[in-house]
Amino acid sequence: MRFNFLIYTAVASMLTFQSCDKGFEEMNINPDASTTVQPEYMFSKALLDAFGNSYFATDVLACGGSMQHFATYKDVPGIGDKYYFQQGTYPYDYFTTGYTTAVNEIGTTINALNPEVPADVNKHSIARIFRVYIMHRITDLYGDIPYSAAVKGYTENDFTPAYDTQESIYNDMLKELDEAAAKLNPATATFGAGDFIYSGDVTKWKKFAYSLMLRLGMRISKKSPAVALTWIKKAIDGGVITTDADVATMKYVDGSQAINRNPAAASMLSNDYAVANGNNNTEGGKLAQTFINVLKTNNDPRLNVIAIVWNAGKADTSSALQKGMPNGLLNKPADFTSYSEPNPATILQYNAPFIIMSAAEVNLLLAEAAVEGWWEGNAATAFSNAIGASMRNWALFGSGGVIASERIAAYQAAHPLTGSTEAMKAMIGQEKWVALFLDEQEIHANWRRTGYPALTPVNVAGNTTGGTIPRRLLYPPSEESVNSASLAEAISRQGANLMTTRVWWDKNN
């Protein structure tokens with residue numbers, strides 16, 4: 001938004017002097033730059049920027065801290081750990097960076113493709129699907145956002161875009177997924193190698209579209225149950241990701257350019273764990289006590305691929321040593337080095353994939369749908385399949401992530417989905433909290449919708465939420481100065497620009 005305003009100012013200044021340019025226009029044309037958009041390149045760039053957007057501030061500190069996966073003893077990065085916001089840009093980094101990069105890039109990609117041309121049909125449809133992915137993450141964090149007018153600063157000189165209601169955004173996103181999935185055709189061209197998720201595999205993109213439809217349908221199930229049920233059934237009938245072969249992952253390499261590295265690994269190493277001794281953690285971060293305790297109590301084999309403690313200079317994965325740091329600390333604990341950190345052999349690998357959507361998540365959604373009576377499949381089977389898929393996913397991170405099949409089977413046998421409806425929903429919610437670790441935005445959204453797992457909030461003096469876990473992030477100050485009327489209208493509908501204000505789908509009927 002802010003960058004669009006600057007572009008507008010620059011263009012206005014140029015027009016003032018165009019009558020006396022005396023050939024300067026030709027002199028300032030870069031002969032090496034393309035004069036037209038290359039949608040294949042732009043799509044690849046949108047993929048990289050979508051997942052590289054503010055991972056540390058948003059996923060680790062804000063969502064990961066509030067979901068008690070991560071902890072810090074410091075106050076400045078304590079937005080999720082202590083519900084502090086004293087300085088910095090943590091609450092709105094994702095908004096400001098997202099619009100100026102991935103949102104504009106995917107919109108530009110879509111505008112550069114002609115859906116009436118056979119060679120563009122798949123590219124156009126895949127770009128539409130991925131735009132939904134980008135936009136649903138922004139609206140889930142903030143609520144009402146610029147959506148229908150999000151890229152019109154470049155196409156129509158609209159530098160003060162209106163904020164759409166989240167309800168209308170969800171309705172349109174579901175429609176977009178439905179239409180785009182229907183148009184995918186395995187017989188025509190795709191993005192190919194420029195597609196870092198599926199390498200142009202149209203069949204897998206269709207499953208991803210319907211899986212995302214299932215996620216969004218479940219998201220609105222409490223606020224708009226009749227509409228949700230329609231989309232949930234359509235998604236399941238369309239075909240969703242249920243096996244490891246179809247998992248959606250963003251691929252990375254350990255190259256010299258940071259943009260090509262896994263953003264979770266790159267941001268955690270650069271902000272906290274670069275020294276690798278358990279003591280000199282720049283932002284005072286560790287894995288949280290709540291998370292580690294659940295893994296240890298359940299004898300969860302994922303503990304040994306997720307967590308390490310620095311022991312005599314070595315990263316030790318022994319279960320007995322793992323200990324999470326409490327959330328809400330205000331000073332560095334004397335035993336700081338004894339607390340668990342992310343495993344450098346898995347999580348902190350630059351070439352590790354980022355799991356966008358897996359059979360683990362989808363099977364958990366199916367299990368919940370079955371428990372609610374929205375799907376005729378077997379909830380217990382789907383739940384067990386989700387556990388297996390989640391544990392096998394860690395092998396994608398390298399040899400350090402491989403969990404023996406007998407350990408997986410033992411855990412599945414020891415954790416069957418049983419009990420009352422509410423008890424089963426609690427089990428599903430907690431399993432998703434573990435299975436989706438690192439995709440902290442999705443975990444936070446699912447927690448807000450379901451209330452599971454039941455987390456005990458901290459109540460540190462000076463926190464901004466009255467001791468309650470944050471429900472959303474904050475609109476940036478730049479919107480107040482550049483797009484104040486549209487922002488004010490959104491706030492009047494949704495509620496104050498506070499971390500305690502609930503977004504549309506987070507409000508029960």
Side-chain angles (χ1 to χ4, degrees), residues 37-55 94 97-115 120-141 145-148 150-151 154 169-170 172-186 188-216 219 235 238 240-241 246-252 259 263 353-358 361-362 439 441-442 445:
V37 172
Q38 302 296 314
E40 293 78 12
Y41 165 81
M42 193 63 71
F43 178 72
S44 298
K45 186 64 163 54
L47 294 178
L48 292 166
D49 284 336
F51 296 105
N53 180 10
S54 184
Y55 185 87
Y94 200 85
T97 306
Y99 276 103
T100 57
T101 57
V103 173
N104 283 327
E105 288 157 0
I106 199 65
T108 301
T109 301
I110 292 169
N111 291 337
L113 295 164
N114 185 348
D120 282 358
V121 170
N122 283 334
K123 297 175 185 177
H124 190 264
S125 298
I126 289 170
R128 289 172 72 186
I129 293 166
F130 193 65
R131 182 178 187 269
V132 171
Y133 180 84
I134 292 171
M135 300 306 297
H136 101 275
R137 287 167 76 82
I138 300 177
T139 187
D140 285 348
L141 285 172
I145 57 169
Y147 175 79
S148 56
V151 296
Y154 291 105
I169 293 169
Y170 260 78
D172 190 74
M173 290 191 300
L174 289 161
K175 174 192 72 68
E176 283 288 286
L177 291 173
D178 188 28
E179 293 178 358
K183 290 180 181 296
L184 290 173
N185 181 358
T188 57
T190 69
F191 288 110
D195 169 8
F196 305 136
I197 299 174
Y198 283 133
S199 299
D201 189 319
V202 169
T203 302
K204 291 183 178 182
W205 269 106
K206 180 169 284 192
K207 288 187 178 182
F208 175 76
Y210 284 119
S211 299
L212 186 53
M213 183 186 293
L214 178 60
R215 176 193 280 181
L216 300 188
R219 187 86 87 236
V240 293
I241 298 168
D246 296 322
V247 59
T249 61
M250 181 67 179
K251 317 301 189 297
Y252 295 96
I259 195 172
F354 184 86
I355 297 176
I356 305 166
M357 185 171 288
S358 74
E361 178 185 353
V362 177
D439 190 356
Q441 291 184 50
E442 183 56 31

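Values below: every heavy atom of this structure, side chains too, minus hydrogens, waters and symmetry copies.
- The shortest non-hydrogen separation linking Ile197 to Met250 is CG1-SD, 4.1 Å.
- Side-chain contact between Thr108 and Val151 is absent, with no heavy-atom pair separated by less than 4.5 Å.
- The aromatic rings of Phe130 and Phe43 sit perpendicular to each other, their planes meeting at more than 60°, with 30° as the lower class boundary.
- Using a 4.5 Å heavy-atom threshold, the side chains of Ser44 and Phe191 count as separate.
- Among all heavy-atom pairs drawn from Ala127 and Ile106, the shortest one is O-CG1, 3.6 Å.
- Of all non-hydrogen atoms in Val37 and Ala112, the two that sit nearest each other are CG1-CB, 3.8 Å.
- Nearest heavy-atom pair, Asp140 versus Arg219, reported as atom, atom and distance to 0.1 Å: OD2-NH2, 2.9 Å.
- Separating the CG atom in Leu216 from the CD1 atom in Ile169 is a distance of 11.5 Å, to the nearest 0.5 Å.
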Does the side chain to side chain contact (heavy atoms under 4.5 Å, CB included) test come out yes or no for Leu48 and Thr101, once each step is laid out? CA-CA 10 Å; Leu48 292 166; Thr101 57; over 6 Å; no
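- A 4.5 Å side-chain heavy-atom check between Thr190 and Asp195 finds every atom pair outside the cut-off.
- The CG atom of Asn104 lies 9.5 Å from the CE atom of Met42; values are rounded to the nearest 0.5 Å.
- Side-chain contact check for Glu105 versus Leu47: every heavy-atom pair is 4.5 Å or farther apart.
- For the atom pair CG (Asn185) and OG (Ser125), the distance works out to 9.5 Å, reported to the nearest 0.5 Å.
- Classified by interplanar angle (parallel below 30°, tilted 30° to 60°, perpendicular above 60°), the ring pair Phe208/Tyr198 is perpendicular.
- Atom NZ of Lys207 and atom CD1 of Ile241 lie 8.5 Å apart (nearest 0.5 Å).
- Between the side chain of Asn111 and the backbone N or O of Gly107 there is at least one donor-acceptor pair closer than 3.5 Å.
- Aromatic rings of Phe51 and Tyr133 (six-membered ring for Trp) have centroids within the 6.0 Å cut-off, being under it.
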List the steps and the verdict of side chain to side chain contact (heavy atoms under 4.5 Å, CB included) for Val362 and Met357. CA-CA 8 Å; Val362 177; Met357 185 171 288; 4.0 Å; yes
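- With a 4.5 Å cut-off on side-chain heavy atoms, Ile134 and Val103 count as touching.
- Defined by atom type and a distance below 3.5 Å, a donor-acceptor pair is present between the side-chain atoms of Tyr147 and Asp172.
- Taking a cutoff of 4.0 Å between a charged side-chain nitrogen and a carboxylate oxygen, Arg137 and Glu442 do not qualify as a salt bridge.
- For the atom pair CG of Asp201 and CG of Asn122, the computed distance is 10.5 Å after rounding to the nearest 0.5 Å.
- Between the side chain of Thr100 and the backbone N or O of Thr97, at least one donor-acceptor pair lies under 3.5 Å.
- Taking every heavy atom of both residues into account, Arg215 and Asp439 meet most closely at NH2-OD2, 4.2 Å.
- What you find for Pro115 and His124 is that their closest heavy atoms are CB-ND1, 3.7 Å.
- Checked by atom type and distance alone, the side chain of Thr249 never pairs as donor or acceptor with a backbone atom of Phe354 at under 3.5 Å.
- Note: Thr203 OG1 to Leu184 CG = 9.0 Å, rounded to the nearest 0.5 Å.
- Between Lys175 and Glu179 there is a salt bridge, since at least one side-chain N of the basic residue sits less than 4.0 Å from a carboxylate O of the acidic one.
- More than 12 heavy-atom neighbours from other residues, nucleotides or ligands sit within 6.0 angstrom of NZ on Lys251.
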Could you check Met213 against Val240 for side chain to side chain contact (heavy atoms under 4.5 Å, CB included), going step by step and ending with a plain yes or no? CA-CA 9 Å; Met213 183 186 293; Val240 293; over 6 Å; no
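- Contact of the Thr139 side chain with the Met173 side chain is registered, since non-hydrogen atoms from C-beta on lie closer than 4.5 Å.
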Decide yes or no on side chain to side chain contact (heavy atoms under 4.5 Å, CB included) for Leu113 and Thr109, but give the supporting numbers first. CA-CA 7 Å; Leu113 295 164; Thr109 301; 4.0 Å; yes
